[in-house]
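First the structure, in the form of structure tokens, and then the observations on it.
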Amino acid sequence: MYELGDIVEMKKPHACQTNRWEIVRMGMDIKIKCINCQHIVMMPRREFDKKMKKTLEKKQEN
């Protein structure tokens, strides 16, 4: 579904009108960072699963 470093779209846009978030931490909680304004939000995995719409870009593999 999603991995660390992926760019995801949430169901509701951020206050800065951007709806692209990068996953920066995964565990029991997931931390995401807004691509536009660099705001960081941390939420439980269950809440993240409900609010995430789709994965836009996968992390670049070398």
task: Provide the full list of salt bridge (charged side-chain N to carboxylate O under 4.0 Å, His left out) pairs with a residue in residues 21-47, sequence neighbours left out, each pair given once.
output: Glu47-Lys51

Candidate pair Cys16 and His39, rule side-chain contact (heavy atoms from CB on, under 4.5 Å), full reasoning: CA-CA 10 Å; Cys16 69; His39 182 79; over 6 Å; no

- prompt: According to the salt bridge (charged side-chain N to carboxylate O under 4.0 Å, His left out) rule, which pairs have a member within residues 4-15, sequence neighbours left out?
  reply: Asp6-Lys58, Glu9-Lys53, Glu9-Lys54

message: Once side-chain hydrogen bond (donor to acceptor under 3.5 Å, both in side chains) is applied, do any residues pair with Thr18, and if so which ones, sequence neighbours excluded?
response: Asn36

message: Side-chain heavy atoms under 4.5 Å apart, restricted to Ile/Leu/Val/Met/Phe/Trp/Tyr: what other residues fall into the cluster of Met26, or is it alone?
response: Met1, Tyr2, Leu4, Val8, Met10, Trp21, Ile23, Ile30, Ile32, Val41, Met43, Phe48, Met52

